[in-house]
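For reference, the structure discussed in these notes is given below.
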Amino acid sequence: MTPATSRDGDASPGAARQYTGAAEKVTDCQIVVSVHAVTDTCSAALTWRLFPPQCWDEALAEDAAEAAVIAERRRRCGIPEGQRHRPKWQQALEMLDQLAAWGQVPPLVVADSGCGS
């Protein structure tokens, strides 16, 4: 699941022009990747993570000047050093591993694989 919140500028962590299923279009937004426990009557988030797009990862910058701007923006927004751009599916698998380490192993996993593709 990738909820999105409309955002502009460079002060909102992870905000960028990107596809969001909530709006069904490319827009300025933040996206999180989440894992939910679901029954036939309700849903509750077990864990979620900010999805930092490529433009928020200085390791993916085209040059040193761009990398410095991105690093400063990340610092101002308080994004931890270890939180880097990774595909959403990879973040989801990492969260499932984290839940398993906590003793929370789901009997069944269903994924929303759309994510704009």
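Just so you know, these numbers come straight off a predicted model, no measurement behind them.
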>> Between Gln18 (side chain only) and Cys29 (backbone N and O only), is there a donor and an acceptor less than 3.5 Å apart?
In response: yes
>> If I take atom CZ from residue Arg17 and atom CG from residue Asp28, how far apart are they, to the nearest 0.5 angstrom?
In response: 5.0 Å
>> For Tyr19, does the six-membered ring have the charged nitrogen or CZ of Lys25 within the cation-pi criterion, i.e. under 6.0 angstrom from the centroid and within 45° of the normal?
In response: no
> Checking Arg74 side chain against Pro80 main chain: does a donor-acceptor pair fall under 3.5 Å?
Replying inline: yes
>> Test side-chain contact (heavy atoms from CB on, under 4.5 Å) on Leu46 and Gln104; report intermediate values, then the result.
In response: CA-CA 9 Å; Leu46 300 176; Gln104 301 297 315; 5.7 Å; no
> Got a salt bridge between Arg86 and Glu94, using NZ or NE/NH1/NH2 to carboxylate O under 4.0 Å?
Replying inline: yes
>> Test your reading of the model: is there a side-chain donor-acceptor pair from Ser12 to the backbone of Ala15, 3.5 Å cut-off?
In response: no
> At what distance, to the nearest 0.5 angstrom, does CD1 of Ile79 lie from CZ of Arg76?
Replying inline: 10.0 Å
> Any link between Trp102 and Val105 through a network of hydrophobic side chains (Ile, Leu, Val, Met, Phe, Trp, Tyr) touching at under 4.5 Å?
Replying inline: no
> Does some side-chain heavy atom of Asp57 sit less than 4.5 Å from a side-chain heavy atom of Ile70?
Replying inline: no
>> Taking the side chain as everything from C-beta on, heavy atoms only, tell me whether His85 gets closer than 4.5 Å to Trp56.
In response: no
> Is there a donor-acceptor pair closer than 3.5 Å between any side-chain N or O of Gln83 and the backbone N or O of Leu50?
Replying inline: yes
>> Tell me whether Leu99 shares a hydrophobic cluster with Val110, the cluster being built from Ile, Leu, Val, Met, Phe, Trp, Tyr side chains joined at under 4.5 Å.
In response: no
> Do Glu66 and Val69 come close enough that some side-chain heavy atom pair is under 4.5 Å?
Replying inline: no
> Any sub-3.5 Å donor-acceptor pair from Gln30's side-chain atoms to Pro13's backbone N or O?
Replying inline: yes
> In Å, rounded to the nearest 0.5 Å, how long is the span from CG of Leu93 to CD of Gln98?
Replying inline: 13.0 Å
> Do the charged groups of Arg75 and Glu81 touch, with an N to O distance under 4.0 Å?
Replying inline: no
